[in-house]
Amino acid sequence: MPVEDVTIAVDGKEIRSMRKKKNPLNIISAQIAEYGLTIAQEAVADKKNEIPAVQELLRKLKIKGCLITADALHCQTKTAEIITEKKADYLLKVKGNQRELMKQIKEYVEDEDLRKEMDFAQTVEKNRSRIERRTAYTTNNIKWLYGKEKWSKLKCIGAIRTEVTIREKTTITWHYYISSRELSAEELLRRARLEWTVETMHWLLDVHFREDMCRITEENTQRNLNIFRKVAINNVKVYKEKVKPKTPLSHIMFECLINPESLKNVLSEN
């Protein structure tokens, strides 16, 4: 895969079983989103420290040519600067912590005449009684954007309208983005969705490893266990990709649990 097609998704997760401590443990993970493989992590004692921890993690990683995605918490001018200094690009979600920026993008997209000039793409997914329609808009015309010079090498703004219909009830949400790469609407749809790969990994940690129910309170032990769990998930994903692409991860993990030969097969593919 060409390096410019690689998406690195970054997000943090609190170890809930340690909430009784004054500063509960938060672990930030960086993933190659296309493969769902965790490549690095940084632990912090409080969610308030997540922003500088992500910035430090990005400084350590070799990310040249990649596209970095992160949620609205990390839509920070310093984070954007670090990413571009490392010769990578960013795709950052814009929310209330960047109120003026979000307001400008929102007003631009809501103008029907301006929206007609934006690149456009749409996907529709149906699952039983649930229909999800995702519509993306992007533009590289940002001359009008006030304060754009604060954002390192900013080239593109975008928006995704998500319309979910379950039976006869419909909900609509909008998400807004900035990027240092000139993205098509189709690419915005794909890359923005890849941000959720970290959330999927967090779900696996909770559902299959019961991480949030682990009663160990010693911080270093929790960090080490978190690493071991992610190594296990990485190994299973590599095996699944090579050998059993249609088999759910949970089935492969269960086979490893009851059959040492299955565990041997998984490890041999890594």
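Atom set for the values below is all heavy atoms of this structure, side chains included, hydrogens, waters and symmetry mates excluded.
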Colleague: Would you compute the distance between atom CG of Asn235 and atom CE of Met253 and round it to the nearest 0.5 angstrom?
Modeller: 10.5 Å

Colleague: State the OH-CG distance between Tyr239 and Leu263, to the nearest 0.5 angstrom.
Modeller: 10.5 Å

Colleague: Can we say Glu34 and Arg193 salt-bridge, meaning some charged N sits less than 4.0 Å from an Asp/Glu carboxylate O?
Modeller: no

Colleague: Okay, side chain of Thr79, backbone of Cys75: is any donor-acceptor separation there less than 3.5 Å?
Modeller: no

Colleague: Gln41 and side-chain contact (heavy atoms from CB on, under 4.5 Å): which single residue from Asn226, Ile28, Leu57 fits?
Modeller: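 The residue from Asn226, Ile28, Leu57 that satisfies side-chain contact (heavy atoms from CB on, under 4.5 Å) with Gln41 turns out to be Asn226.
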
Colleague: Looking only at side chains, do Lys230 and Ser29 share a donor and an acceptor under 3.5 Å apart?
Modeller: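 Yes.
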
Colleague: Quick one: does Thr84's side chain have a donor or acceptor within less than 3.5 Å of a partner on Ala80's backbone?
Modeller: yes

Colleague: Of the non-hydrogen atoms in Val10 and Val198, which two are nearest, and what is the gap between them?
Modeller: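 Val10 and Val198 have their closest heavy atoms at N-CG2, 4.2 Å.
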
Colleague: Using the salt bridge (charged side-chain N to carboxylate O under 4.0 Å, His left out) criterion, which residues pair with Lys148? Sequence neighbours excluded.
Modeller: none

Colleague: To check you understand the geometry: which heavy-atom pair defines the closest contact between Val109 and Arg115, and what is its length?
Modeller: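 Minimum heavy-atom contact is O-NH1, 2.7 Å.
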
Colleague: Between Glu219 and Arg223 (salt bridge meaning N to carboxylate O under 4.0 Å), is one present in this structure?
Modeller: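 Salt bridge between Glu219 and Arg223, a charged N being under 4.0 Å from a carboxylate O: yes.
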
Colleague: Looking at Ala185, is its backbone amide N or carbonyl O close enough to the side chain of Asp119 to form a donor-acceptor pair, meaning the two atoms are under 3.5 Å apart?
Modeller: yes

Colleague: Quick one: closest heavy-atom pair of His175 and Thr162, and the distance?
Modeller: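 Result for this residue pair: CD2-OG1, 4.5 Å.
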
Colleague: Are any of the side-chain nitrogens in Arg130 or Glu132 under 4.0 Å away from the carboxylate oxygens of its partner?
Modeller: yes

Colleague: Check the orientation of Trp174 and Tyr137. Use parallel for under 30°, tilted for 30 to 60°, and perpendicular for over 60°.
Modeller: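 It falls in the parallel class, under 30°.
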
Colleague: Could you walk me through whether Ile32 and Thr7 pass the side chain to side chain contact (heavy atoms under 4.5 Å, CB included) test, one step at a time?
Modeller: CA-CA 6 Å; Ile32 298 177; Thr7 308; over 6 Å; no

Colleague: To the nearest 0.5 angstrom, please state how far the NZ atom of Lys264 sits from the SG atom of Cys256.
Modeller: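 Going from NZ on Lys264 over to SG on Cys256, the span is 13.5 Å.
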
Colleague: Tell me, which pairs form a side chain to side chain donor-acceptor pair (under 3.5 Å) where one or both residues lie in residues 91-101, sequence neighbours left out?
Modeller: none

Colleague: Can we call the ring centroids of Tyr90 and Trp151 under 6.0 Å apart?
Modeller: no

Colleague: Would you tell me whether Thr135 and Arg161 have side-chain atoms, one donor and one acceptor, within less than 3.5 Å of each other?
Modeller: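 No pair is found: no donor N or O on one side chain lies under 3.5 Å from an acceptor on the other.
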
Colleague: May I ask you to say whether Lys60 pairs ionically with Glu42, meaning some side-chain N is under 4.0 Å from a carboxylate O?
Modeller: yes

Colleague: Salt-bridge test for Lys244 and Glu255: reply yes if a basic N is under 4.0 Å from a carboxylate O, no otherwise.
Modeller: yes

Colleague: Rounded to the nearest 0.5 Å, what's the gap from CZ on Arg229 to CG on Asn234? Could you check?
Modeller: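 The CG atom of Asn234 is 14.5 Å from CZ of Arg229, to the nearest 0.5 Å.
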
Colleague: So that I can tick it off, tell me whether Lys153 and Asp89 are bridged by a salt bridge, with the cut-off set at under 4.0 angstrom between side-chain N and carboxylate O.
Modeller: no

Colleague: Report the distance from atom CG of Asn140 to atom OG of Ser179, rounding to the nearest 0.5 Å.
Modeller: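 Result: 9.0 Å between the selected atoms.
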
Colleague: Quick one: do the His74 and Glu50 side chains pair a donor with an acceptor below 3.5 Å?
Modeller: yes

Colleague: Mind checking who shares a hydrophobic cluster with Leu67, ILVMFWY linked at side-chain heavy-atom distances under 4.5 Å?
Modeller: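 Listed partners: Leu91, Ile160, Tyr177, Leu183, Leu188, Leu189.
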
Colleague: Over all heavy atoms of both residues, which pair between Phe209 and Ala232 is shortest? Give the atoms and the distance, please.
Modeller: CZ-CB, 4.0 Å

Colleague: Nearest 0.5 Å, what's the OG-CD1 distance between Ser180 and Ile68?
Modeller: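 Answer for the OG-CD1 pair, Ser180 versus Ile68, is 9.5 Å.
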
Colleague: Under 4.0 Å between a Lys/Arg side-chain N and an Asp/Glu carboxylate O for Glu241 and Lys237?
Modeller: no

Colleague: Report whether Ile233 and Phe254 are members of the same hydrophobic cluster (ILVMFWY, side-chain heavy atoms less than 4.5 Å apart, transitive linking).
Modeller: no

Colleague: Can we say Lys116 and Asp111 salt-bridge, meaning some charged N sits less than 4.0 Å from an Asp/Glu carboxylate O?
Modeller: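 Salt bridge absent between Lys116 and Asp111.
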
Colleague: Testing the basics here: between Gln122 and Val124, what is the closest heavy-atom pair and its distance to 0.1 Å?
Modeller: OE1-CG2, 4.2 Å

